[in-house]
There are 2 protein chains.
Amino acid sequence: MRPKLTLKQIARELDVSISTVSKALKDSPEIGEDTKQKIKAFAKLYNYKPNNIALSLKNRKTKTIGIIIPEIVHYFFTTVISGVEQVANEKGYNVIVCLSNNSFDREVLNLDLLANGSTDGFILSLAKETMQKEDYHHLTEVINQGMPVVLFDRVVDEVHCDKVIIDDIIGAKKAVEHLIETGCKKIGILTTVDYVSVGKLRTRGYIEALEENDYPVDEDLILKIEDMENSEKEIGEFLKTRDVDGLFAVNEQFAVSAIGALRRQGRNVPEDVSVVGFTDGELSKNFIPSLTTVSQHGTRMGAEAAHLLIDKLERKPDEVESYKTVIVETSLVRRESTKN
Amino acid sequence: MRPKLTLKQIARELDVSISTVSKALKDSPEIGEDTKQKIKAFAKLYNYKPNNIALSLKNRKTKTIGIIIPEIVHYFFTTVISGVEQVANEKGYNVIVCLSNNSFDREVLNLDLLANGSTDGFILSLAKETMQKEDYHHLTEVINQGMPVVLFDRVVDEVHCDKVIIDDIIGAKKAVEHLIETGCKKIGILTTVDYVSVGKLRTRGYIEALEENDYPVDEDLILKIEDMENSEKEIGEFLKTRDVDGLFAVNEQFAVSAIGALRRQGRNVPEDVSVVGFTDGELSKNFIPSLTTVSQHGTRMGAEAAHLLIDKLERKPDEVESYKTVIVETSLVRRESTKN
DNA sequence: TTGTACGCGTTATCAT
DNA sequence: ATGATAACGCGTACAA
């Protein structure tokens with residue numbers, strides 16, 4: 001076992017000073033050609049690589065980006081990570097991923113941890129619990145210390161920073177309009193409780209689309225699901241007594257649960273009921289029937305977030321402070337779960 | 001904007017020396033009670049947190065674990081990450097995730113990068129390209145420098161380190177035996193080309209199960225898929241001319257593709273053909289029919305890997321070197337895609 | 001009880 | 001052309 005090589009060791013080995021080695025490796029003109037060659041050869045031979053930690057300490061930047069997300073076993077978030085990673089790598093940044101598990105405490109913990117020197121900035125989607133508590137002091141604090149933060153997907157007005165969101169309302173409208181265009185008359189929605197901002201917005205889009213098309217808004221066709229664990233059962237119960245011919249689900253999970261329930265009740269998709277989901281994941285693509293969905297373009301969101309963050313990081317601190325909100329467009333992907 | 005607080009600033013502010021502050025904050029008995037209180041109060045007020053980078057440099061350890069995986073948009077890998085993260089956090093470790101995108105170069109790049117001070121050790125699953133090239137010098141080098149590495153899932157004998165794998169052969173046998181028990185007579189397999197070790201092993205399990213039950217092994221019922229992009233088409237073609245009543249797919253994707261193809265050909269699952277998959281993901285659970293699969297317990301694998309790594313990290317370097325291979329048991333999850 | 005000095009690995013500035 | 005020194009932020013052995 002041969003431990004990592006440092007400048008000091010090279011210097012001792014070659015009987016020169018540390019700074020000579022440093023300069024030689026950086027091809028400084030100050031150093032004589034012959035010693036330069038000698039040092040370079042030695043370094044290459046023993047595969048010298050500068051220590052990132054020492055560089056970070058010296059430069060006061062780490063060239064790494066911290067991502068904190070509520071959960072990782074979730075298609076959408078993985079696509080976002082993937083997008084961030086791509087851009088980050090291009091620009092020479094590293095990515096640290098931490099999970100909040102939707103817990104406020106873990107979000108604070110991870111943020112604090114990474115904020116103490118480990119990262120130059122954050123890309124973050126709020127934990128569910130954080131949004132319930134409406135406590136964002138950990139974020140404002142980090143921002144106050146001069147670390148750039150980019151919020152995505154689950155964002156909140158109270159935190160002043162760059163944001164990347166999708167046009168939830170417009171996306172939802174696209175979905176519902178598609179149902180209307182393909183002939184649905186009674187359109188229901190499977191959504192989440194209102195404190196989940198995306199649920200709320202998508203519900204708003206649903207209502208707006210109905211209103212704009214002179215469809216009545218029937219509260220009885222709106223199911224707000226609190227408990228993800230029991231969503232399947234709840235959806236089954238709901239559908240049993242609802243005579244809908246169109247259904248908009250605010251996520252993939254709800255959509256497939258609905259299709260399963262409908263089928264068990266002898267109703268066919270899309271013949272009897274058309275279903276549109278939100279989030280375009282593996283499930284949507286491979287389900288039978290494959291799901292018509294509003295695609296969120298997570299990769300693009302991640303890429304946007306990374307760009308925003310890196311822009312901030314590489315801008316001089318004295319430049320004017322301003323926060324952008326980038327809206328990534330959704331698009332409707334038509335598949336088999338709706339007619340036509 | 002108030003920049004991060006350092007010991008130096010506290011010292012200056014309170015007109016004491018840096019080390020006094022340091023000691024006071026660590027509750028050292030050397031420091032007088034009153035100054036200690038004063039310093040602590042100040043630190044708490046302005047929310048002092050020590051800089052991790054400086055600590056890493058000093059202690060020559062980072063308390064972070066690097067995970068390098070081939071892709072993140074993949075249910076299995078996310079469960080592994082989740083498992084690693086849980087254990088790591090319990091033990092006070094951080095997790096950095098990097099992606100190789102199945103590229104050898106990116107794997108080497110990320111490994112080198114993280115190896116230079118950013119992490120104390122690695123948990124890694126080999127990129128497909130790396131296994132094709134059979135070039136593992138980057139790993140052996142890192143190991144030689146004294147950094148512990150734990151390989152999981154896609155492992156290889158050539159690299160000497162701890163490993164976490166599943167009993168692919170036994171898992172595959174469980175799947176095939178289940179098909180046999182439920183009355184299947186002609187059992188096919190949808191697998192990958194042999195250089196993907198898991199594909200190879202699962203194929204072996206399939207063959208062993210058949211042989212042990214005195215079923216003939218018919219090469220014509222074995223489909224080795226190279227190109228994941230076109231797997232759907234390939235599987236359709238294959239099934240068109242194969243009169244099987246049981247099918248073992250080495251992953252979720254192949255399983256659902258097969259079911260889709262069968263259905264299009266007018267064959268029902270499980271009435272005409274029973275299908276068993278491998279890897280228990282969202283798709284398996286939610287598909288209709290839901291998939292009988294061999295569950296890989298990714299979370300447990302991640303947890304095991306993290307334990308192995310942290311054990312190595314916290315052991316004294318002079319202790320005997322030995323490498324363990326932990327085999328995480330698979331289990332068959334019976335659902336609707338097989339009979340009974 | 002408090003402060004000084006040193007080292008972690010690196011680079012930049014200033015001497016020689 | 002080469003080397004010594006300081007600094008990044010922290011902890012600690014040792015000196016005062």
Side-chain angles (χ1 to χ4, degrees), chain A residues 3-40 42-43 46-64 113-120 145-147, chain B residues 3-40 42-43 46-64 113-120 145-147:
Chain A
K4 286 236 55 142
L5 200 56
T6 67
L7 288 185
K8 191 195 279 191
Q9 291 167 39
I10 301 183
R12 197 179 335 122
E13 212 70 36
L14 263 46
D15 213 48
V16 289
S17 82
I18 295 180
S19 47
T20 303
V21 179
S22 175
K23 284 172 189 164
L25 291 177
K26 312 213 87 181
D27 223 2
S28 158
E30 294 180 38
I31 305 298
E33 209 40 58
D34 40 349
T35 36
K36 221 194 280 192
Q37 289 314 320
K38 189 177 62 179
I39 290 171
K40 279 188 180 174
F42 188 89
Y46 291 105
N47 193 29
Y48 168 79
K49 298 264 173 58
N51 180 311
N52 290 326
I53 295 291
L55 286 179
S56 295
L57 186 60
K58 181 126 199 51
N59 304 330
R60 296 140 121 261
K61 53 181 152 185
T62 61
K63 279 278 186 178
T64 94
L113 195 67
L114 296 188
N116 293 313
S118 306
T119 57
D120 295 339
Q145 289 177 357
M147 299 195 75
Chain B
K4 284 237 55 142
L5 202 56
T6 66
L7 286 185
K8 192 196 280 191
Q9 290 166 38
I10 301 182
R12 193 175 343 117
E13 211 71 36
L14 264 43
D15 213 49
V16 289
S17 84
I18 296 179
S19 55
T20 303
V21 179
S22 174
K23 285 173 188 164
L25 291 177
K26 313 213 86 184
D27 224 0
S28 159
E30 294 181 36
I31 306 298
E33 210 38 60
D34 40 350
T35 36
K36 220 193 279 191
Q37 289 315 319
K38 189 177 65 180
I39 290 170
K40 278 188 179 174
F42 188 91
Y46 292 104
N47 192 32
Y48 169 79
K49 297 265 172 56
N51 180 313
N52 291 324
I53 294 290
L55 287 179
S56 295
L57 187 59
K58 182 133 204 34
N59 303 330
R60 295 137 121 264
K61 56 179 151 183
T62 62
K63 281 277 186 177
T64 93
L113 195 67
L114 296 188
N116 292 314
S118 306
T119 58
D120 296 339
Q145 288 177 358
M147 300 195 74

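Any value given below was found using the heavy atoms of this structure, including those in side chains, with hydrogens, waters and symmetry copies removed. Every chain is numbered from 1, with letters handed out A, B, ... down the list of sequences.
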Rounded to whole Å, please give me the gap between [atom1] in [X] and [atom2] in [N].
X: R12(B); N: dG9(D); atom1: CZ; atom2: P; value: 10 Å
X: K8(A); N: dA4(D); atom1: NZ; atom2: C1'; value: 14 Å
X: N116(B); N: dT10(C); atom1: CG; atom2: C1'; value: 13 Å
X: I18(B); N: dA7(D); atom1: CD1; atom2: P; value: 11 Å
X: N52(B); N: dC8(D); atom1: CG; atom2: C1'; value: 15 Å
X: L7(B); N: dG9(D); atom1: CG; atom2: P; value: 10 Å
X: I10(A); N: dT10(C); atom1: CD1; atom2: C1'; value: 12 Å
X: N51(B); N: dG11(D); atom1: CG; atom2: P; value: 10 Å

What nucleic acid atoms does T35(A) come within less than 4.0 Å of, heavy atoms only: base, sugar-phosphate, or nothing?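 Here T35(A) touches the backbone only, sparing every base.
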
Base, sugar-phosphate alone, or nothing: which one does L57(A) contact when heavy atoms must sit under 4.0 Å apart?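 Here L57(A) touches the bases of the nucleic acid.
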
Other residues, nucleotides and ligands only: do more than 12 of their heavy atoms fall within 6.0 Å of NZ on K61(A)?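 No, the 6.0 Å shell around NZ holds no more than 12 heavy atoms from other groups.
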
Here's a test of your reading of the structure: between K58(B) and K36(B), which maps to the more 5' nucleotide of DNA chain C?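 Between the two, 5'-proximity favours K36(B).
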
Check whether any side-chain heavy atom of [X] lies under 4.5 Å from a side-chain heavy atom of [Y], and answer yes or no.
X: T119(A); Y: M147(A); value: yes
X: L25(B); Y: I39(B); value: yes
X: T62(B); Y: I53(A); value: yes
X: Q9(B); Y: T6(B); value: yes

Looking at dG3(C), dC10(D), dT11(C), which one has an atom nearest to any side-chain atom of P50(B)?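 Comparing dG3(C), dC10(D), dT11(C) against the side chain of P50(B), the answer is dC10(D).
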
Below 4.0 angstrom from OP1 or OP2 of [N], is there any side-chain N or O of [X]?
X: S22(B); N: dT12(D); value: no
X: S17(A); N: dG3(D); value: yes
X: S19(B); N: dG11(D); value: no
X: R60(A); N: dG9(D); value: yes
X: K23(B); N: dG3(C); value: no
X: Y48(B); N: dC10(D); value: yes

